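Worksheet: the structure to be examined is printed underneath.
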Amino acid sequence: MINGAHVVIYSRDAEADRAFFRDVLGYPHVDAGGQWLIFKLPPAEIAVHPSEGPETHELFLMCDDIGETVAELAEKGVVFTRPVSDVGWGLLTALELPGGGTLRLYEPRHARAHTL
């Protein structure tokens, strides 16, 4: 029986991105050895979308109040790469990871599967 999922983020500065998840987002973690941190994620969902192009995978963070969350993260020095916009299924923005990557953050309007 599958009992979890493991998300991998590839980074040009893994130490900085690990510090972001640890210190800025405050995610609990374990050290798998050699400062290889593995973080506990909040409840998660998975969606499968059709694609005509190459198969890709994306990670979105979710929140209940995007305005409040953006303000809290901005106070901690998080840089947002796009303004909050209404995309129909929710309110969406994107934040820059210290290693140069981008994560999207949204306040969903749809029912949340992790509450099932």
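Please read all numbers here as calculations on a predicted model, not as lab measurements.
Under the 4.5 Å side-chain heavy-atom criterion for Ile, Leu, Val, Met, Phe, Trp and Tyr, W36 and F39 are members of distinct hydrophobic clusters. No continuous path of hydrophobic side-chain contacts links Y106 to V70 [ILVMFWY only; heavy atoms under 4.5 Å]. Connection of L41 to L59 is established within a shared hydrophobic cluster, with ILVMFWY side chains joined at heavy-atom distances below 4.5 Å, either directly or through further cluster members. In the hydrophobic cluster analysis, where Ile, Leu, Val, Met, Phe, Trp and Tyr join through side-chain heavy atoms closer than 4.5 angstrom, V79 is grouped apart from L95. Under the 4.5 Å side-chain heavy-atom criterion for Ile, Leu, Val, Met, Phe, Trp and Tyr, V24 and F21 are members of the same hydrophobic cluster.
Nearest heavy atom pair, residue I38 against residue A32, reads CD1-CB, 3.9 Å. The two residues D13 and G99 come nearest to each other via the heavy atoms CB-CA, 3.6 Å. Summarising the geometry of S51 relative to P54, their closest heavy-atom pair is OG-O, 3.6 Å, with the distance given to 0.1 Å. The shortest heavy-atom contact between D64 and E107 is O-CD, 3.3 Å. When every heavy atom of A74 is checked against every heavy atom of F80, the shortest pair comes out as N-CE1, 4.1 Å. Contact record, V78 with F20: CG2-CE1, 3.5 Å, taken as the closest heavy-atom pair.
Between F60 and W89, the ring-plane angle classifies as perpendicular under the 30° and 60° cut-offs.
When the shell of 6.0 Å around CG of D23 is examined, it contains more than 12 heavy atoms from other residues, nucleotides or ligands.
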- Message: Using the rule given for side-chain contact (heavy atoms from CB on, under 4.5 Å), can you reason through E45 versus H110, listing the C-alpha separation, both sets of side-chain angles and the distance that settles it, and then say yes or no?
- Response: CA-CA 12 Å; E45 304 173 337; H110 58 78; 3.7 Å; yes

- Would you check, one step at a time, whether the test side-chain contact (heavy atoms from CB on, under 4.5 Å) holds for V8 with H57? CA-CA 10 Å; V8 177; H57 310 289; over 6 Å; no

- Message: side-chain contact (heavy atoms from CB on, under 4.5 Å), that's the test. Do I66 and L92 meet it? Break it down for me.
- Response: CA-CA 8 Å; I66 201 161; L92 177 69; 5.8 Å; no

- Message: Walk me through whether L61 and T69 qualify under side-chain contact (heavy atoms from CB on, under 4.5 Å).
- Response: CA-CA 11 Å; L61 301 177; T69 303; over 6 Å; no

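If you take OG1 on T102 and CD on E58, they are separated by 11.5 Å, rounding to the nearest 0.5 Å. One finds the CZ atom of R22 at 9.0 Å from the CD atom of E15 (value rounded to the nearest 0.5 Å).
With respect to the salt-bridge test (charged N to carboxylate O, under 4.0 angstrom), the residues D86 and R109 qualify. Taking 4.0 Å as the cut-off between side-chain N and carboxylate O, R18 and D31 do not count as a salt-bridged pair.
Although no hydrogens or angles enter the test, the distance criterion places a donor-acceptor pair under 3.5 Å between the side chain of T93 and the main chain of R82.
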